[in-house]
Asker: 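Before I ask anything, here is the structure I am working with.
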Amino acid sequence: MLTNRVFMKKTRKGGIIKVVREHYLRDDIACGIGSCGLCSTSEGRTLLDEAPQPGSTVFTAPHYLMLDTNIILYQIDFLESEAIRNVIVLSTVLDEVRHRSPVIFKRLRKILADPGRKFFTFVNEHHRDTYLSKGVGESANDRNDRMIRRAAAWYGKHMLEDNAKCKVKVVVLSDDAENRAKAKKDGLLVSSVADYVGSLSGHPELRDKVFNAEKWQDESRIIFPAHLTASQIHEGIKKGEFLQGSFFASRDNFLEGNVRVEAYEEPVLIQGRLNLNRAVDGDVVAVRMLPKSEWKCPSKVVLVDEQNVDDDAAMEVADPEFEEDSGEEKTPTAAVVGIIKRKWRQYCGILAANPLAQSTRHLFVPSDRNVPRIRIETRQSATLISQRIVVAIDYWPRHSKYPIGHFVRALGGIGEKDTENEVILLEHDVPHGSFSEEIKSQLPKLPWTVEPEEYKKRVDLRDITICSVDPPGCTDIDDALHARRLANGNIEVGVHIADVTHFIKPGTPLDKEASLRATTVYLVDKRIDMVPDVLSSNLCSLRGGEERLAFSCIWELDDEANIQNTRFHKSVIQSKAALTYQEAQLIIDDPSQTNETAQSLRLLNTLAKILKRRRIDNGALVLASPEIRFNIDSETHDPIDVVAKKLMDTNSMVEEFMLLANVSVAEKIHQEFPEYALLRRHPCPPEANFEPLKKAASYQGFEIITDSGKQLATSLDEAVKPDNPYFNTLLRILTTRCMMQAVYFISGTIQQAEYFHYGLASPIYTHFTSPIRRYADVIVHRLLAACIGADATYSALLDKQSTSQLCNNLNYRNRMAQYAGRASVALHTHLFFRERTEDEEGYILFVKKNAIQVIIPKYGLEGTIYVAGRNQETLKNKPTFVYNEETQTQSCGSVEFHAFDKIVVRLSLDSTNVQHQRLVFELVQPYIEGFSVEALGKDVGEDKGVAKRKSGGAGVEHQEKSAKKSKKDGKGKKK
């Protein structure tokens with residue numbers, strides 16, 4: 001049967017056209033009931049049970065569930081429970097979910113793909129008896145609700161036609177009161193989710209997963225101003241009254257955040273609960289700029305939300321006041337007036353149980369300090385109190401101090417390493433599930449050898465002395481090098497990169513999964529691979545003594561490391577040795593070693609030093625970050641020792657040639673594909689970013705000039721204090737934090753002047769050298785292969801829109817991988833200090849109004865020592881500290897603390913509350929009566945360099961902020 005769908009469409013020029021589309025209707029679409037004698041069902045499709053087991057005390061007959069759109073959009077956590085089975089999902093609903101929320105649609109697809117869940121998709125839009133055209137003046141939502149009721153009625157009739165004695169019913173789930181009323185009028189069985197779940201026996205945990213706004217509507221007080229509507233926001237932005245941007249919450253002050261908007265170079269400050277107006281970290285918001293007279297200074301107070309009870313009295317507690325700094329220049333300040341797009345996700349954390357024994361309302365404390373506490377209702381608090389749990393935000397009404405959410409699931413016991421690792425992966429949105437069977441079935445079979453035709457298409461380099469240099473235990477070896485003297489006196493240098501694209505073809509399931517994961521994630525004790533292990537650790541890995549496929553970049557250099565010519569080709573190599581950095585360094589330093597490998601390494605090392613000096617002379621920055629490695633017990637997998645990573649010449653040697661290869665490839669692919677090359681840029685930081693660095697240096701008598709990267713590098717080189725060898729390293733650590741994030745982009749989307757990589761002082765750059773663990777390199781390999789005729793292009797590779805979207809995902813995943821790695825270091829530091837208390841040397845990074853922030857170089861740790869309360873009140877039974885705004889110092893009696901001063905700090909793990917285990921920093925030296933703790937007996941802090949300053953003995957919330965990691969020891973390296 002053929003019908004027409006008619007709708008009106010507005011053209012770009014403002015005209016209106018009538019569109020008529022043919023819509024085919026059939027009467028042979030299967031109902032999905034396995035026992036139905038009237039329908040023929042395709043093999044392999046999920047079928048509904050003949051007699052579903054009833055579990056409801058209200059709907060006692062066997063029944064199928066039929067869902068409306070909002071049930072799926074707002075109750076997906078409930079639907080993901082294994083207890084919910086035999087569900088009919090209409091194509092009408094499926095299409096609406098797809099358009100309204102791609103994230104929820106993806107989760108729904110996963111449920112539909114599980115045959116054990118018995119979720120059946122009924123194509124009601126093309127069934128002759130269930131299709132309804134849109135009525136005159138009828139909204140799309142009303143028409144869809146009418147389609148759902150029509151389908152439910154048809155199922156009831158259809159089952160009786162098949163079996164007149166059929167007792168199976170259809171229950172429509174809808175939280176729309178009007179839709180339920182109409183369904184009841186039509187004689188249908190209908191229920192809200194809350195009522196249906198309440199009627200289920202044997203599954204009390206499902207009640208916690210249900211989003212029910214009515215439970216929280218008993219409060220009359222209004223806290224926040226109302227958000228503007230979408231149309232009001234649009235009109236205000238159009239008129240220039242509002243600005244839009246992404247909101248970023250402060251980690252140091254829960255009542256502050258900022259929004260980056262195009263109209264201001266520096267982020268716009270949002271300060272105070274009312275001005276934050278229910279924005280959550282990551283939300284895209286509309287803001288109204290405040291008059292200059294109301295602009296504020298970012299608070300120098302460290303504020304952590306300490307509320308753990310969900311009751312009216314606690315909710316009425318006033319927020320801390322912000323002091324005005326009359327002398328300091330104010331920052332552009334704004335207030336949030338509306339939410340353009342929510343970036344809510346599922347959050348991991350712990351339950352702060354309500355002390356009222358019978359209360360079901362509790363506060364959830366997220367692991368992510370950028371996220372506010374969440375109010376939930378649960379009857380399982382006695383069980384959940386000792387577990388890490390996952391919670392989702394449902395909404396944030398004006399009358400509630402915190403957002404309202406619901407319990408999703410428990411992850412495991414607090415402090416258990418497997419649980420904490422799972423939290424890290426979930427919190428940083430790291431895809432870490434097993435690779436699908438479809439992907440596994442397409443992987444090469446072992447044993448694998450190079451196909452004979454590959455030798456004909458590639459350059460055979462098996463006789464050249466090539467070796468790899470990596471951290472100990474590295475299994476995903478994606479680069480190897482060689483150097484040899486040519487007959488003309490020049491030096492041939494080759495960088496050989498694993499040819500991952502030979503195994504990952506565009507558009508395959510493996511390619512799609514790799515592009516989604518975007519990067520391998522390195523935790524301290526595990527690796528989350530971008531590609532399956534058979535590729536990452538075997539067939540793609542350039543292991544010693546084994547033939548492997550590679551993509552080679554070959555230069556001819558003179559003795560001053562000047563490039564004479566460059567060539568690229570696919571190759572077959574056989575690495576002569578897989579060395580560690582230390583092994584390679586020993587070969588270089590041992591004069592008795594004269595074999596070809598030793599000669600190659602010495603040539604590479606000599607040239608690398610020249611290349612590095614030249615880069616630095618051109619303005620490349622040499623920054624610093626505290627990096628550590630853990631020695632892990634082979635049986636318990638717990639950390640047994642922590643040591644600072646030591647860099648050797650061989651580390652720099654490998655890095656220099658990886659950088660050179662990346663620059664050479666960038667130039668080549670941009671030359672051939674000026675509009676479509678995938679490149680990497682590092683934006684110049686805005687001047688405001690350098691203010692903390694410049695102020696800190698000026699207090700020590702040094703001027704940091706930031707007009708250019710070259711001037712910054714020179715200033716850092718000159719800022720040396722003979723009596724404090726670590727001072728320059730501290731400055732470089734602070735400089736690292738001034739930097740912008742390096743990002744991937746497509747060349748044709750921005751001006752060439754913006755390609756510049758600030759940190760490397762390179763006009764063009766990309767990533768080519770690590771395709772096993774970075775998907776960006778896979779794309780670059782495909783572009784380079786097309787440049788040299790080794791492979792053909794494909795449509796998606798030269799589609800700016802799709803590749804730009806890919807870059808967004810690459811940048812996001814790369815950022816999350818870095819954060820996950822740092823969180824893993826923090827976790828293992830906690831594990832290391834479970835049975836330890838140590839006194840260690842530290843340095844003050846920042847002096848705040850109520851705290852001192854300290855770094856411990858040995859462990860790469862940062863912590864906060866509070867010297868005053870949230871409103872600068874004196875801590876109980878502690879001496880008084882005085883903060884000097886002008887000199888940025890804290891003083892107590894004769895002791896004064898400045899940035900960069902050396903102190904001695906007691907490190908211990910406070911486990912008195914299993915839910916809030918935290919690493920505590922306490923001042924040991926200089927000693928302040930009533931504040932410092934007695935030394936443990938070691939001579940750690942007796943150095944004459946220990947400063948006269950103080951840090952509060954109060955408990956500290958530990959923040960691990962080790963900067964960029966290389967590939968983790970035992971896992972690999974980063975270029």
Side-chain angles (χ1 to χ4, degrees), residues 346-349 367-368 388 390 411-435 470-478 513-514 516-533 536-537 541 625-645 770 772-775 810 812-834 859-862 909 917 919 958-975:
Q346 293 185 343
Y347 302 98
C348 302
S367 301
D368 186 348
R388 294 282 185 189
V390 177
L411 296 174
I414 295 173
E416 294 177 6
K417 192 162 73 167
D418 288 345
T419 300
E420 301 299 341
N421 271 334
E422 181 73 7
V423 169
I424 289 172
L425 296 175
L426 290 173
E427 275 297 292
H428 297 93
D429 196 17
V430 176
H432 58 285
S434 300
F435 289 95
D470 292 278
C474 176
T475 60
D476 51 347
I477 304 172
D478 42 24
E513 181 67 21
L516 172 69
R517 296 189 178 212
T519 181
T520 294
V521 179
Y522 296 93
L523 305 184
V524 170
D525 59 341
K526 68 191 300 185
R527 187 179 78 203
I528 312 300
D529 283 322
M530 183 183 80
V531 298
D533 185 69
S536 64
S537 297
S541 183
S625 60
E627 292 195 43
I628 60 172
R629 58 180 288 269
F630 291 90
N631 292 329
I632 303 296
D633 188 288
S634 59
E635 294 183 2
T636 66
H637 302 290
D638 287 337
I640 55 177
D641 194 17
V642 183
V643 294
K645 290 184 181 179
S770 295
I772 293 177
R773 63 185 182 85
R774 287 191 308 232
Y775 189 76
L810 296 178
Y812 171 72
R813 296 292 183 196
N814 185 56
R815 187 168 63 252
M816 289 298 104
Q818 289 182 19
Y819 295 161
R822 296 172 192 175
S824 181
V825 171
L827 167 63
H828 282 76
T829 304
H830 278 118
L831 296 174
F832 179 73
F833 277 101
R834 272 182 174 172
Y859 298 118
L861 298 173
E862 283 185 38
L909 190 69
Q917 295 186 37
L919 196 58
H958 156 246
Q959 310 169 44
E960 197 290 317
K961 291 186 180 175
S962 73
K964 273 185 176 179
K965 300 262 183 256
S966 316
K967 250 183 169 179
K968 305 293 184 279
D969 279 333
K971 311 298 182 186
K973 60 185 174 300
K974 178 171 183 178
K975 293 110 185 171

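Residues take their numbers from the sequence shown, with the count starting at 1. Predicted model only: the values in this text are computed from it and were never measured. Because only heavy atoms are used, hydrogens play no part in the values below, and waters and symmetry mates are left out as well, while side chains stay in.
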Asker: Is it the case that the side chain of Thr829 and the backbone of Val825 share a donor-acceptor pair, with hydrogens and angles ignored and the cut-off at 3.5 Å?
Answerer: yes

Asker: Would you say that Val430 contacts Ile424 through its side chain, given a criterion of any heavy-atom pair below 4.5 Å between the two side chains?
Answerer: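 They are not in side-chain contact.
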
Asker: Take Val521 and His432 through the test side chain to side chain contact (heavy atoms under 4.5 Å, CB included) and record every step on the way to the result.
Answerer: CA-CA 9 Å; Val521 179; His432 58 285; over 6 Å; no

Asker: So, for Ala820 and Leu523, which heavy atoms are closest and what is the spacing to 0.1 Å?
Answerer: O-CD2, 3.7 Å

Asker: Give a yes or no on whether the backbone of Cys348 and the side-chain of Ser367 come within a donor-acceptor separation of less than 3.5 Å.
Answerer: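 At least one qualifying donor-acceptor pair exists.
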
Asker: Examine distances only and state if a side-chain atom of Arg517 and a backbone atom of Asp529 form a donor-acceptor pair shorter than 3.5 Å.
Answerer: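 Indeed, once roles are kept as given, a pair shorter than 3.5 Å links the two residues.
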
Asker: Only one of Glu422, Glu416, Glu420 passes side chain to side chain donor-acceptor pair (under 3.5 Å) with Arg388; say which it is.
Answerer: Glu420

Asker: Hey, can you tell me if Tyr859 and Phe833 have their rings parallel, tilted or perpendicular (30° and 60° cut-offs)?
Answerer: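 If you compare the ring of Tyr859 with that of Phe833, the planes turn out perpendicular.
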
Asker: When you measure from the side chain of Ser541 to the backbone N and O of Thr475, does any donor-acceptor pair fall under 3.5 Å?
Answerer: yes

Asker: For a side chain to side chain contact (heavy atoms under 4.5 Å, CB included) check, start with the C-alpha distance between Val423 and Leu411, then their side-chain angles and the critical distance, and finish with the verdict.
Answerer: CA-CA 8 Å; Val423 169; Leu411 296 174; 3.7 Å; yes

Asker: Considering non-hydrogen atoms only, spot the tightest contact between Thr519 and Ala817 and give its length.
Answerer: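 In this case the closest contact between Thr519 and Ala817 is CG2-CB, 3.8 Å.
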
Asker: Assess whether salt bridge (Lys or Arg N to Asp or Glu O under 4.0 Å) is satisfied between Asp418 and Lys526, documenting all intermediate values.
Answerer: CA-CA 11 Å; Asp418 288 345; Lys526 68 191 300 185; over 6 Å; no

Asker: Measuring from Tyr775:OH to Asn814:CG, what's the distance to the nearest 0.5 Å?
Answerer: 15.5 Å

Asker: Do Val524 and Leu827 touch side chain to side chain, with heavy atoms closer than 4.5 Å?
Answerer: no

Asker: Side-chain donor-acceptor pair under 3.5 Å between Asp368 and Tyr819, yes or no?
Answerer: no

Asker: Specify the closest pair of heavy atoms between Asp476 and Tyr522, including all atoms of both residues, with the distance to one decimal.
Answerer: OD2-OH, 2.6 Å

Asker: Testing the basics here: between Gly412 and Thr419, what is the closest heavy-atom pair and its distance to 0.1 Å?
Answerer: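 Nearest pair, atom of Gly412 first, then Thr419: CA-OG1, 3.4 Å.
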
Asker: Do Gln818 and His428 get their side chains close enough for a donor-acceptor pair, meaning under 3.5 Å?
Answerer: no

Asker: For Arg813 and Asp429, indicate whether the former's side chain and the latter's backbone hold a donor-acceptor pair under 3.5 Å.
Answerer: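 Side chain of Arg813 to backbone of Asp429: a pair is present.
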
Asker: Using side chain to side chain contact (heavy atoms under 4.5 Å, CB included), reason through His828 and Asp525 one step at a time and then give a plain yes or no.
Answerer: CA-CA 9 Å; His828 282 76; Asp525 59 341; 3.6 Å; yes

Asker: If you define the side chain from C-beta out and look only at heavy atoms, does anything of Arg773 sit under 4.5 Å from Asp478?
Answerer: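 Arg773 reaches Asp478 side chain to side chain.
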
